[in-house]
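Just so it is clear, the values below take in all heavy atoms, side chains as well, and ignore hydrogens, waters and symmetry mates.
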Amino acid sequence: ILGPDLYGVIGRKAGTGTASNTGKPYNYDAGLKALEKTGLVWTQALLAEYVKNPTAFVRKKTGDSSARVKMTFMLSHGGADVAAYLASLAPAAN
């Protein structure tokens, strides 16, 4: 399992989603599970901020200075383009 399915991530509550290759619930790390409890919903801006430094983002949003995440890569210039691309793939609104 590489990670959660990012289709429809914009508008989804953080820490929820399925595994990209199995369709079963993804096993999020403690940091994302704590972020889920805050009720955070991914927007393009929040996702762009997250991918710049996932650990720092989760620590800031949860208030837990020891929070850790599994995501190991970062986009040092932010992820505005990545977030915009993922938003363009969002499922159609009903």
Side-chain angles (χ1 to χ4, degrees):
I1 297 174
L2 296 176
D5 187 348
L6 297 178
Y7 178 74
V9 69
I10 304 298
R12 183 189 313 156
K13 189 174 177 183
T16 65
T18 58
S20 58
N21 61 338
T22 66
K24 295 178 182 177
Y26 182 72
N27 184 23
Y28 286 92
D29 54 61
L32 266 290
K33 288 178 183 178
L35 194 59
E36 176 186 5
K37 290 178 184 176
T38 72
L40 184 137
V41 174
W42 292 116
T43 64
Q44 282 183 242
L46 288 172
L47 189 62
E49 182 183 350
Y50 173 77
V51 297
K52 189 170 185 178
N53 188 328
T55 299
F57 179 89
V58 170
R59 288 177 178 177
K60 175 182 167 185
K61 296 296 183 183
T62 63
D64 180 355
S65 63
S66 64
R68 301 190 48 83
V69 296
K70 290 191 269 188
M71 189 163 156
T72 58
F73 76 93
M74 297 183 272
L75 298 175
S76 61
H77 297 305
D81 292 343
V82 171
Y85 174 72
L86 291 171
S88 76
L89 299 177
N94 291 331

Looking at N27, V58, T16, which hits side-chain contact (heavy atoms from CB on, under 4.5 Å) with K33? N27
Taking R59 for its side chain and G31 for its backbone only, find out whether a donor-acceptor pair lies under 3.5 Å. no
Flag if over 12 foreign heavy atoms under 6.0 Å of NZ, K70: yes
Can you tell me if NZ on K13 sees more than 12 non-hydrogen neighbours from other groups inside 6.0 Å? yes
For D81, I'd like to know if atom CG has over 12 heavy atoms of other residues, nucleotides or ligands within 6.0 Å. no
Between the CG atom in L75 and the CG atom in N53, the distance rounded to the nearest 0.5 Å is 11.0 Å
Indicate if L40 and V51 have the same hydrophobic cluster label, given that clusters are the connected sets of ILVMFWY residues with side-chain heavy-atom separations under 4.5 angstrom. yes
For Q44 versus A84, what's the shortest heavy-atom pair and its separation? NE2-CA, 3.2 Å
T38 side chain vs T62 backbone, donor-acceptor pair below 3.5 Å: no
Quick one: closest heavy-atom pair of A83 and A48, and the distance? CB-N, 4.1 Å
Side chains of L35 and W42: closer than 4.5 Å at any heavy-atom pair? yes
Indicate if V9 and V41 have the same hydrophobic cluster label, given that clusters are the connected sets of ILVMFWY residues with side-chain heavy-atom separations under 4.5 angstrom. no
When you measure from the side chain of D5 to the backbone N and O of T18, does any donor-acceptor pair fall under 3.5 Å? no
Distance in Å, R12 CZ paired with E36 CD, rounded so as to fall on 0.5 Å steps: 11.5 Å
Can you check whether L32 reaches M71 side chain to side chain, under 4.5 Å on heavy atoms? no
Flag yes if Y50 and Y26 sit in one hydrophobic cluster, no otherwise; membership is Ile, Leu, Val, Met, Phe, Trp, Tyr, and two members link when side-chain heavy atoms are under 4.5 Å apart. yes
